[in-house]
Amino acid sequence: MDRPQMSVLEKYTVTAGNESGIEERADISGSGLKVSCMGREIILKSEKPCEVSVWNLSGVLVHKVSVLPNSPVYLTLLPGFYMVEHIKIVVN
């Protein structure tokens, strides 16, 4: 039985070989959040202060961090699938 998240996640696919080169922008209350994925490291940068939540596909909160301007946050994640706000991240 699929969890409710799967219907949303199926809309976002990553092409093979691009898992470690994801770079996306999200707009969390106008923060200008930028999410980059380099292998197992996730880099969060923001133009304005914001709170960022990272969830696994089971719906478990993995990290909740504060991101400040000019202070990138670096997270190292285990291999798997994650959601950072509305962005799907694949970590190999």
Side-chain angles (χ1 to χ4, degrees):
M1 179 175 193
D2 284 344
R3 294 181 180 257
Q5 305 93 306
M6 290 308 295
S7 63
V8 174
L9 295 175
E10 288 173 347
K11 296 177 188 175
Y12 303 95
T13 59
V14 177
T15 58
N18 189 32
E19 295 86 357
S20 62
I22 297 171
E23 185 171 309
E24 294 283 345
R25 285 195 180 269
D27 191 13
I28 304 168
S29 301
S31 66
L33 177 67
K34 182 177 178 182
V35 179
S36 302
C37 180
M38 302 304 278
R40 293 179 54 194
E41 186 173 67
I42 306 300
I43 305 162
L44 306 168
K45 297 178 185 176
S46 181
E47 297 168 4
K48 297 180 183 175
C50 65
E51 291 284 321
V52 178
S53 298
V54 180
W55 304 83
N56 66 20
L57 285 187
S58 298
V60 176
L61 180 64
V62 178
H63 290 283
K64 185 168 188 166
V65 295
S66 295
V67 182
L68 301 173
N70 302 313
S71 297
V73 174
Y74 299 87
L75 300 174
T76 301
L77 301 173
L78 295 174
F81 295 88
Y82 299 90
M83 291 294 294
V84 178
E85 299 311 320
H86 71 278
I87 300 167
K88 179 180 120 179
I89 301 291
V90 179
V91 177
N92 4 350

For this session: Could you walk me through whether V54 and I42 pass side-chain contact (heavy atoms from CB on, under 4.5 Å), step by step?
Result: CA-CA 10 Å; V54 180; I42 306 300; 6.0 Å; no
Problem set entry | Cluster overlap L78 with L75, hydrophobic side-chain contacts below 4.5 Å | yes
Exercise. Have T76 and E41 got a donor and an acceptor in their side chains that come within less than 3.5 Å?
Worked result: no
Exercise. In the single-linkage hydrophobic clustering (I, L, V, M, F, W, Y; side-chain heavy atoms under 4.5 Å), do L68 and Y74 co-cluster?
Worked result: no
Problem set entry | Non-hydrogen atoms of V73 and V65 that approach each other most closely | CG1-CG2, 4.2 Å
Exercise. Atom CG in L33, atom CD in E47: separation rounded to 0.5 Å?
Worked result: 9.5 Å
Problem set entry | Check: P69 and P49 side chains under 4.5 Å, non-hydrogen atoms | yes
Problem set entry | Heavy-atom pair of closest approach, residues V62 and W55 | CG2-C, 4.1 Å
Seminar exercise, completed: Smallest heavy-atom separation, V67 atom then K45 atom, equals CG1-C, 4.0 Å
Problem set entry | Over all atoms of both residues, closest heavy-atom pair of I43 and P72 | CG2-CB, 4.2 Å
